[in-house]
Amino acid sequence: MNIIEGKLKLEGNEKIAIINGRFNHIITDRLVEGAKDAFIRHGGDEKNLDLILVPGAFEIPFALTRALESKKYDAICCVGAVIRGATPHFDYISAEATKGIASATMAHNIPVSNGVLTTNSIEQAIERAGSKAGNKGSEAMVTIIEMLDLYKAMDK
Ligand code: INI
């Protein structure tokens with residue numbers, strides 16, 4: 001059986017964008033740090049890494065669509081933090097961000113990852129932004145690194 005699987009390595013010439021929703025920036029800044037750290041530690045060259053900032057998670061799919069259409073990037077890592085409050089706003093923003101990232105990605109042949117936290121509390125967000133539950137920004141970057149290599153392996 002031939003197993004086709006991506007390896008966790010970059011050549012150094014891949015052009016990658018992180019799209020970050022600034023809302024809850026105390027959390028999302030840590031997700032960006034995690035994503036950047038993972039990019040560099042897997043062989044990426046910092047000059048090939050762009051950080052695109054949008055106001056909140058709701059705007060991520062819109063910037064993602066433009067970034068995909070620009071054809072400037074080999075892969076795109078989305079990060080943000082939607083934290084439940086007292087109103088139903090959370091449900092609308094988290095659903096639109098998730099659906100929007102998936103539907104923008106479907107139309108393009110480029111790896112995109114969803115590192116947007118959707119948590120019930122600020123504590124859960126802190127846990128996932130570089131403390132006891134790891135760093136979801138880092139995981140989102142590792143995902144696109146694997147998918148980039150997988151696509152190359154599938155084309156061989
Ligand atoms: N945006 C977030 O990224 N996280 C949130 O928790 C959040 N809450 O709770 O309101 C949030 N709202 C802003 C939203 O993403 C848009 O920027 C805003 O609605 C303007 O379109």
Side-chain angles (χ1 to χ4, degrees), residues 6 8 10 14-42 44-151:
L8 299 182
L10 291 166
E14 297 87 351
K15 181 92 179 156
I16 300 229
I18 300 169
I19 302 180
N20 175 35
R22 278 193 314 260
F23 204 99
N24 295 316
H25 77 92
I26 288 174
I27 302 295
T28 66
D29 289 350
R30 302 286 86 75
L31 299 176
V32 171
E33 273 176 19
K36 178 181 167 192
D37 179 61
F39 174 77
I40 290 166
R41 284 198 291 126
H42 287 85
D45 182 341
E46 200 175 332
K47 73 172 185 315
N48 292 326
L49 183 64
D50 285 356
L51 174 61
I52 299 168
L53 295 170
V54 295
F58 187 74
E59 285 75 28
I60 291 173
F62 312 141
L64 173 61
T65 300
R66 285 191 81 100
L68 287 165
E69 284 173 357
S70 76
K71 304 206 183 300
K72 274 167 61 178
Y73 301 105
D74 296 304
I76 302 175
C77 171
C78 300
V79 296
V82 193
I83 302 175
R84 193 181 289 281
T87 69
H89 198 56
F90 168 92
D91 300 297
Y92 296 110
I93 300 295
S94 55
E96 290 310 320
T98 307
K99 272 190 290 167
I101 290 170
S103 62
T105 305
M106 290 300 179
H108 297 270
N109 193 19
I110 291 173
V112 173
S113 59
N114 177 3
V116 178
L117 300 179
T118 54
T119 65
N120 288 323
S121 66
I122 183 90
E123 289 78 13
Q124 287 179 347
I126 291 167
E127 283 171 8
R128 288 158 181 76
S131 61
K132 67 184 192 186
N135 185 311
K136 300 297 170 193
S138 168
E139 286 178 25
M141 180 59 75
V142 169
T143 296
I144 54 172
I145 292 170
E146 177 172 344
M147 292 301 286
L148 264 173
D149 198 62
L150 173 67
Y151 285 5

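Atoms within each ligand, like the ligands themselves, are counted from 1 in listed order. Keep in mind that this is a model prediction, so the values were computed, not measured. Note that the numbering runs from 1 along the sequence shown for the chain.
With respect to Glu139 and Lys136, a salt bridge is recorded, a charged nitrogen being found less than 4.0 Å from a carboxylate O. Ion pairing between Glu33 and Lys36 fails under the 4.0 Å rule for side-chain N and carboxylate O. A salt bridge does not link Asp29 with Arg22: every distance from a Lys NZ or Arg NE/NH1/NH2 to an Asp or Glu carboxylate oxygen is 4.0 Å or more.
Side chain of Asp74 to main chain of Lys15: a donor-acceptor pair is present (N/O by atom type, distance under 3.5 Å, no hydrogens or angles).
No N or O atom of Pro55 sits closer than 3.5 Å to an N or O atom of ligand 1.
In terms of protein heavy-atom proximity, atom 18 (C) of ligand 1 is nearest to Glu59 OE2, 4.0 Å. Remark: minimum distance from atom 10 (O) of ligand 1 to any protein heavy atom is reached at His89 CD2, 3.0 Å.
Considering Thr105, Ile101, Leu64 as possible partners of Ile76, the one that fulfils the side chain to side chain contact (heavy atoms under 4.5 Å, CB included) test is Leu64.
Closest to atom 12 (N) of ligand 1 by heavy atom, among Phe62, Phe23, Tyr92, is Phe23.
Contacts with ligand 1 closer than 4.0 Å are made by side-chain heavy atoms of Ile93 only, the backbone lying farther away.
The distance from ligand 1 to the heavy atoms of Phe58 drops below 4.0 Å at these ligand atoms: 14 (C), 15 (O), 16 (C), 21 (O). Of all atoms in ligand 1, numbered sequentially from 1 with element shown, those under 4.0 Å from a heavy atom of Ala81 are 2 (C), 3 (O), 4 (N), 5 (C), 6 (O). Within the listing of ligand 1, atoms 4 (N), 5 (C), 6 (O) sit less than 4.0 angstrom from a heavy atom of Asn24. The Ile83 neighbourhood of ligand 1 comprises atoms 6 (O), 9 (O), with distances under 4.0 Å to a heavy atom of that residue. Close approach to Ala57 involves these atoms of ligand 1, each under 4.0 Å from a residue heavy atom: 1 (N), 2 (C), 3 (O), 15 (O).
Residues Met141 and Asp37 are not in side-chain contact: their nearest non-hydrogen atoms beyond the backbone lie 4.5 Å or more apart.
Other residues, nucleotides and ligands contribute only 12 or fewer heavy atoms inside 6.0 Å of the CD1 atom of Ile26.
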